[in-house]
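Each chain gets a letter, A, B and so on, in the order its sequence line appears, and its residues count up from 1. What's counted below: heavy atoms across the whole structure, side chains too, no hydrogens, waters or symmetry copies. Here the structure is a predicted model, which is why all the values come from computation and not from measurement.
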Amino acid sequence: MYPKLNREFYRNPNVVELAQHLLGKFVCTQFEEGLTVGMITETEAYCGATDKACHAYPNKRTKRTEIIFGDGGFAYIYLCYGLHHMFNIVTNVTDAADAILIRGIAPVKGIEIIESRRNMSVNRKQISSGPGTVAQALGIRTNHYGTDLLGDTIWLEDRGIQFTKDQLLIGPRVGIDYAEEDALLPWRFRVKGNKYIGK
DNA sequence: ATGTCGATTTGCT
DNA sequence: GCAAATCGACATA
């Protein structure tokens, strides 16, 4: 058994730092089909107070963004383009609207389940590189909005892997040109050399 | 009540 | 390389 990431881990007030620490952590989902696990290879940080790219900017509370204002360690999931489920991890404490988008994972366990969900072989990088494909590979859908990541359906594990900064690719986030000057912030993190990351 | 558009992926040219 | 797919949240009326 590996230790599950706890509430204090998610409450880190520095969402950019936490986005880096999430690389090498393992996302686990336990649904009807069985257990699936993937190692996080790509993340993006969003900071609701100051970040124009964040759905909760500037402290905008709506039905959809409400969970981002809650305590750290819950799932923020939304539908993009009507078909892609985006899996985010809410961080920081209540009323601080920070979240981290999971953009890439390396499949670890439940390979057959993941392959059947994605309808492709696990040796193709497209199976889980990109936020929409990550959620599909793990079986995460918008009906899991608000799931407590300390429960037993979706959770994260620390298996002792961590990366130093020189092992990472750090750059601006993807698809947020509308965020003006914030579009340039280097808040996207990838594990250098890993197969399951975006371009 | 209605119109717009997105933190994307895929397949066809 | 480009455009279609397809839903709901949000803003406007």
*asked:* For A:Tyr78 together with A:Tyr76, are the ring centres under 6.0 Å from each other?
replied: yes

*Inter- and intrachain pairs under ring-ring contact (aromatic ring centres under 6.0 Å, His included), touching residues 89-146 of chain A, at least two apart*: A:Phe31-A:His144

*Roughly how far, to the nearest 0.5 Å, is the SG atom of A:Cys47 from the CG atom of A:Asn92?*
8.0 Å

I'd like to know if [X] pairs up with [Y] as an ion pair, taking the criterion as any Lys NZ or Arg NE/NH1/NH2 lying under 4.0 Å from an Asp or Glu carboxylate oxygen.
X: A:Glu157; Y: A:Lys4; answer: no
X: A:Glu44; Y: A:Arg173; answer: no
X: A:Asp98; Y: A:Arg11; answer: no

Kindly check if the number of other-residue, nucleotide or ligand heavy atoms within 6.0 Å of [atom1] ([X]) is above 12?
X: A:Lys195; atom1: NZ; answer: yes
X: A:Asn123; atom1: CG; answer: yes
X: A:Asn143; atom1: CG; answer: yes

_Watson-Crick or G-U stems involving DNA chain C, each at least 3 pairs long, distances under 3.5 Å, ordered by first number_ = B:1-6 with C:7-12, B:8-12 with C:1-5

N/O donor-acceptor pair under 3.5 Å between [X] side chain and [Y] backbone:
X: A:Thr41; Y: A:Tyr196; value: yes
X: A:Thr65; Y: A:Lys60; value: yes
X: A:Arg190; Y: A:Thr43; value: no
X: A:Glu66; Y: A:Lys63; value: no

*Residue-level proximity of residues 173-189 of chain A to DNA chain B when a heavy atom falls under 4.0 Å*: A:Val174, A:Gly175, A:Ile176, A:Tyr178

*Write down the atom of A:Lys52, the atom of A:Tyr178, and the distance for their closest heavy-atom approach.*
O-CE1, 3.7 Å

*Could you tell me from which nucleotide to which nucleotide of DNA chain B, 5' to 3', there is an atom under 4.0 Å from chain A heavy atoms?*
B:dG6 to B:dT10

_Name of the residue among A:Glu33, A:Glu32, A:Glu112 meeting salt bridge (charged side-chain N to carboxylate O under 4.0 Å, His left out) with A:Arg117_ = A:Glu33

*Given that A:Gln126 and A:Ala99 both sit by DNA chain B, which one's nearest nucleotide is further toward the 5' end?*
A:Ala99

*So where does chain A start and stop touching DNA chain C, 5' to 3', when the test is distance under 4.0 Å to a non-hydrogen atom?*
C:dA5 to C:dA11

*When you measure from every atom of DNA chain C, which of residues 56-71 of chain A have a heavy atom less than 4.0 Å away?*
A:Lys60, A:Thr62, A:Lys63, A:Arg64

*Contact class for A:Thr142 vs. all strands (heavy atom < 4.0 Å): base, sugar-phosphate, or nothing?*
nothing

